[in-house]
Amino acid sequence: MARKQDYYTIMYGLEELDLKMNAVPSDLVLIGEHAFPLLMNPRGQVLMAASHYGRGRVVVLGHEQYLTSFPGLIKNALKWLMPSTDDDGIVGIQKSLRSVAANLNDCPIKTELGDFRSGLAVYITDAYSVENCAKDLIAFIKAGGGLIMAGQAWHWAGTHPQENTLKNFPGNKVCSVAGIYFSKRYGEVGIFPVPKQIPYSWLALSIGKDFKDDLQILLEGVSEFDVQGASIASEVMVHGPLAFPIALTPAGKAFIAGAYYGQGRVILLSHECYVARNSLSTFLINAIKWLDEDRKGIIGILPSLKAAHTVLSKSGLDCQLTGLRKDLSIYVCTSYSDAQCAEIQEFVAEGGGLMIGGHAWYYAQTHCGCNVMTDYPGNHILNKMGLSLLGNTLIGGLYKAPEIEQSCKEGYHFCNMLHRFAEHVYLGKELTNHEQNCFKQLGNDCASYLQMRCHDSTAYTSMVAILSDIVKKLGVPQVSSNSPVKSAKDYLMLHIGSELYKCQVLPDPDALLPYIIKDRPKFPTVSNARVRISAKTQACEEWISTGLYLSPGMKTNIAVPREIIRKNWQVQLGCQTDNIGKAKELKRAPVVHERFPLDAEMVQVSNLWGGLIYIIAPPQSKVDGVEIVVQDAVQAPYFKSGETSVADWVDRICQAPAPWAELEFENIIMTLQSEFIRNLDRPDEVAKLWDTIMRSIADLAAKPGKFPRKERFVADVQISGGFMHSGYPIMMHTVSVPELVNVQEAYKNGLWGQIHELGHNQQRSVWEFPPHTTECTCNLWSVYVHEEVLGWNRSKVYPSLTPESRQAHIKSYCDGGKDLKNWSTCTALETYMQLQDKFGWDAFKKVFTIYHDMSGVPNNNAEKMNLYAETFSKVVKMNLCPFFEAWGWPIQPDTQKKISHLPEWSDHPMVQYA
C-alpha cells in the first residue's frame, strides 16, 4: 500500500506521457524491495522509476531531457521528495539545468542553481555530473534528502566498451544504492498512457546483465568444484535480475551464486565449510578479487571462520578475523545470524563485498512448520539481494565448472525462464526441449519465490500479478485419478496455481479459484460445531479428529480455548499428507494439506483442496475435554467406538455429506473416501476385528494392549512410495480400502500388506539390522496376526512361507556363500521363522520385553547381532551361537563365552549347511 501511495503522488494528474522526441532513454534495471517503476513501455522496459534509501527518496528518469519535457511530473516528484517537516527546504538544481529551474518558477518552493551542497532538501541533477559528489549524495539521501536524477547510459557504454556500466556509469554510483540502475540497453519510445496502478508486465521479466565478464573473472583457472565429503549443502535460488548462478550440480541446482546489490557485490556459498575449502581455493581467491574490485582493502572474516582465514589469505590481501566494520572492503560471514542484517545490507549497497556461507536445510528440519524463505536468518539478508537459501539438500560431489558462453546463453535463470514461459503462454512461442525440461525447476522456484511474501516490494507484487495473469490465461489442469497430470507444462501450471492460492498473496485469492478448480462441490454446512478435545501425548504429536470437513477453498473460523493458545497446537486441513511432487504422473496435486498455528482466540483457516479438520496436539501435552468451536464446516461420516451407536451410524451419520469418512476404534483410525462406508451397516464388527488385531500387535511387541497413540490408516489415490508405506499415518492406495472394512474378506483373503506396515511401526533400532531386516522383521507381525487372529496356517499366509519356498531361500543363500548382503527380506525372515518354529512366539515377546529396558545398545550391525544372539539364547536357555553362525552372522568369541554355559542347539535346521 505504501508503494501504491508513492506512485499515486508522483503520477497524480498525468494521463499519458509523450516520449516521441529526439531523446533515446536507457532501460532502467530495478532490484530490491523499495524500487518501483513509474513508466513502463509496451516492451516492459522501465523508463522512469522511484525508490527509497535510508530515510530519503530517489526519482530516476531514463533521459535528462525528461527533466524539462514533463514539468508536471517533476512538480509531483518534488512534492513526494520534499521532507514533510521542511516546508522552507531548498531545491538544489545542477547548474547546467537552468531550464528545469525556469519550469519551477510558478511553484512556491525555493530553488538554487549550483553544485550539490549540504543543507538542501532536494537535489536535481543529470546522471553524468555526480562522480565527484557520489558519496556525499548517498549520505544526503540516507539522512532524508530527496534526489531527482536523469540521464541515459547507452552512449557512455558505447564510448567505454571495456567498462562495467552497472558499476562505473556515474549515475549508477549514486542511484544503485536505492536499487535503480541505468543499463546500456536502449529504451523504446512512444506515447504511453499512465496507468492508475504501478505498471507491471511479463515482458519486464529479464536479467539485467549477461554476467559473462563476471564469470570470466570468477572461473579463471577453475575447471571443477570439488565439494565432495560429508558436508550437506542447501540449494540456492537465484531470483534477482542482477543475481546469477556460478556452480551447479548436473541437475541444475545452484550451490554457489553471485549478485550485484547497490554498489557492492555478493558471493553466496551454500555451506560455510566451502569458504575454507582448499579444493575451492582458486575459486575463492577469484571471488575475493571480484568482490574487492581492485581496492586492495581489508578482508574482515567472522572470527569463528578461522579456517577460512588460512585459505583466503592466499589472495595476498589483508585478512583479519573481525566483525563487520565500515573500513572493510569485504566481509566474510555465515548465514546463521541476522543480528546485523541492516548493517550488512547497507555495507554492500554502499560498495562493500560480501562472502556469505551457510545452509538452510537443518533450520528447515528443526523448525517444522516454518517458512524458510521468511524465517531463516540468512534469507533476511539475502532475499533483497536476489538470492535465497532453500530448505532442500544437495549432496556433495565433483562438479564441472560451467561453460561461460553456454551458461550465459542457455543457462537456467528464474527470471529468464519465466519470461520464456510467458512468451509461450501469451504469444504461442515454441519452447525448446531444454526449456521444457526446466519446467519442474521453474515450478519449484515459483513456489519458493511466492513464499517470500514480501508484500511491500513492487518486484514481488508484480511477480504475483504476472503469475496470476498466466493462471487466468492458461488455466490449471483438473487433476484426478481419471485425468492424471503427465506433461511438464501441466505439472508447472498445477504447481503455480496451487501455490499462488495457498500463499494468500493476492488481494482476492478466491478470484483465482474458478481457474484452479472448475467444478467445486457444494455441500450443506453446519454452524458453530462444538468439538471436545482430550489428549495426553508422549514423544510424538497426535492428530485429533473432529468429524468435520472443509470444501475446497472454503474458509472458516475456529474459536480456540485458552488452554491451548500459543502452545504449539495446530489445526490441519486434509488427511493426505504425502508430498507426491517427485512422481512422473500426478493423480492429485503434490501437496493437498495445510497447517495453521492455533495462536489466537479466533483463527481463520482454509485449504485450496479442502479436507478433514484435525487438531494437532504437540508432544508432551495434556488436556481433558477443552472445547473448540468451528464456525462453518461440512459434517463428515465419523464412527467412534464407545460413542457412536450402530443405529445412529446407519440411520444418519454414514450419509453425512463430506467426501471423506473416518472410523475410529480402540487403537486405530481409518480415513477413507466416504463412498466406501455409505453401505457399511455393521461398523461394530469392523471395530471388533481391528481391536483384536491391534491387541495382538501390542501382544507380540510386549506392550500394553492400549496404544499410547492410535495408529492411523489413510487411503489416497496416490502416495509417495510403494503400494503402502508406514508412518503416522500409514498411507495406502484407495484400491486397498475394501480390505479394511470387509470382515469376511479379511478372514478370507488376509491383510498381509496392512499388517506389514503396522509391523514397520513396531520395529526398533536396538534389535534391527538395516538394511537386512528393514523389510523382514515387520513381517513377524504379519505372520503372527494371520496365525493368531485370522486363523491361517503359516504355509498359506504368504507365498514365501510355503515349505518349498522356505527351503529354496535357504539353499540359494547358502549356495551363495552365506554373504550377509544377500540376507534380507524373505531370506532373513526364514531365520526368525526357524526360531519361532522351535521356541514359539513367547520367546520373541520375552526378547522384546528385555529390549524395552535395555540401554547402551551399540549402533553397528555386527555388535547388535551379537547382542541379539546373546539375548535370545538367554531367553530360551540354549546356546544359539551355532545356529546364528550357520546363517553367517558375525558371532564373536566373547559372545560365545558369555553363553557357553548353556546347552547348544545342536539339531537346528541349518546343521546341514553349517
Side-chain angles (χ1 to χ4, degrees), residues 29-35 51-54 58 130-131 134-135 137-139 141-142 163-183 207-209 211 213-215 217-218 238-244 246 256-269 275 284 286-302 312 315 317 319 322-335 338 340-357 378-388:
V29 177
L30 310 185
I31 68 165
E33 64 179 37
H34 298 302
S51 187
H52 294 244
Y53 184 67
V58 178
V130 294
E131 192 149 15
K135 289 187 177 180
L137 279 172
I138 292 169
I141 299 165
K142 189 160 63 170
E163 295 202 43
N164 186 325
T165 304
L166 294 181
K167 291 292 298 182
N168 298 328
F169 176 64
N172 285 337
K173 295 184 178 181
V174 179
C175 63
S176 62
V177 298
I180 303 176
Y181 298 79
F182 295 90
S183 81
I207 58 172
K209 193 178 185 297
F211 306 111
D213 52 340
D214 305 290
L215 289 171
I217 295 169
L218 291 164
V238 179
H239 53 83
L242 291 180
F244 58 100
I246 298 170
I256 301 177
Y260 285 75
Y261 183 69
Q263 294 186 62
R265 295 172 170 177
V266 183
I267 292 289
L268 169 62
L269 304 101
V275 182
L284 291 171
N286 290 347
I288 286 294
K289 292 178 178 177
W290 182 76
L291 293 168
D292 178 65
E293 299 184 66
D294 221 22
R295 292 186 292 264
K296 296 182 172 54
I298 300 170
I299 315 302
I301 302 171
L302 191 71
L312 299 181
S315 66
L317 298 177
C319 294
T322 178
L324 181 64
R325 306 191 322 237
K326 289 189 176 180
D327 65 325
L328 298 177
S329 173
I330 301 169
Y331 183 49
V332 182
C333 65
T334 69
S335 62
D338 58 2
Q340 292 183 288
C341 175
E343 293 93 329
I344 291 173
Q345 288 168 343
E346 181 182 297
F347 169 76
V348 180
E350 296 185 15
L354 175 67
M355 180 177 285
I356 183 167
N379 284 338
H380 294 162
I381 299 169
L382 293 164
N383 285 350
K384 292 182 180 180
M385 299 174 174
L387 300 168
S388 300

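Pairing each heavy atom of I246 with each of G258, the nearest pair is CD1-N, 3.6 Å. Heavy atoms only, all atoms of each residue included: C175 and F182 are closest at SG-CE1, 3.6 Å. Closest approach of A178 to S51, counting heavy atoms only: O-OG, 2.6 Å. Residues S183 and V29 approach most closely at CB-CG2, 3.9 Å, considering heavy atoms. A pairwise comparison of heavy atoms in G386 and A243 identifies O-CB, 3.5 Å as the closest pair. Summarising the geometry of A349 relative to Y53, their closest heavy-atom pair is CB-OH, 4.1 Å, with the distance given to 0.1 Å.
Judged by distance alone, the side chain of Q345 and the main-chain N or O of H380 form a donor-acceptor pair under 3.5 Å. Side-chain atoms of D292 come within 3.5 Å of backbone atoms of G297 as a donor-acceptor pair (strictly under, hydrogens ignored).
A distance of 5.0 Å separates CG of L291 from CD1 of I330, quoted to the nearest 0.5 Å. To the nearest 0.5 Å, atom CD1 of residue I256 and atom CG of residue L218 are 10.0 Å apart. Separating the CG atom in N286 from the CG atom in L215 is a distance of 11.5 Å, to the nearest 0.5 Å. For the atom pair NZ (K296) and OG (S329), the distance works out to 10.5 Å, reported to the nearest 0.5 Å. Note: N172 CG to N164 CG = 9.0 Å, rounded to the nearest 0.5 Å. Distance check: L324 CG to I344 CD1 gives 6.0 Å after rounding to the nearest 0.5 Å.
Annotation: side chain of E343 is not in contact with side chain of Y331 (no heavy-atom distance under 4.5 Å). Using a 4.5 Å heavy-atom cutoff, the side chains of I381 and C341 are in contact. The side-chain heavy atoms of M355 and I288, taken from C-beta on, include a pair separated by under 4.5 Å.
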Quiz prompt | Candidate pair Y261 and I31, rule side chain to side chain contact (heavy atoms under 4.5 Å, CB included), full reasoning | solution = CA-CA 8 Å; Y261 183 69; I31 68 165; 3.9 Å; yes
Self-check item: Residues C333, I356; criterion side chain to side chain contact (heavy atoms under 4.5 Å, CB included); working and verdict
Solution: CA-CA 5 Å; C333 65; I356 183 167; 4.1 Å; yes
Self-check item: Full working for side chain to side chain contact (heavy atoms under 4.5 Å, CB included) between L387 and V238
Solution: CA-CA 5 Å; L387 300 168; V238 179; 4.0 Å; yes
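Here the options are K135, K142, K173, K326, the test is salt bridge (charged side-chain N to carboxylate O under 4.0 Å, His left out), and the partner is E350; only K142 passes. For the pairing with V275, the side-chain contact (heavy atoms from CB on, under 4.5 Å) check across I267, V332, I301 returns one residue only, V332. A side-chain contact (heavy atoms from CB on, under 4.5 Å) with M385 is found for one member of N379, L268, L354 and no other, namely L354.
Ring geometry, H52 versus H34: the interplanar angle falls from 30° to 60°, so the pair is classed tilted. Ring planes of W290 and Y260: perpendicular class, angle over 60° (limits at 30 and 60°).
Considering only residues two or more places apart in sequence or on other chains, D214 meets the salt bridge (charged side-chain N to carboxylate O under 4.0 Å, His left out) condition with K209.
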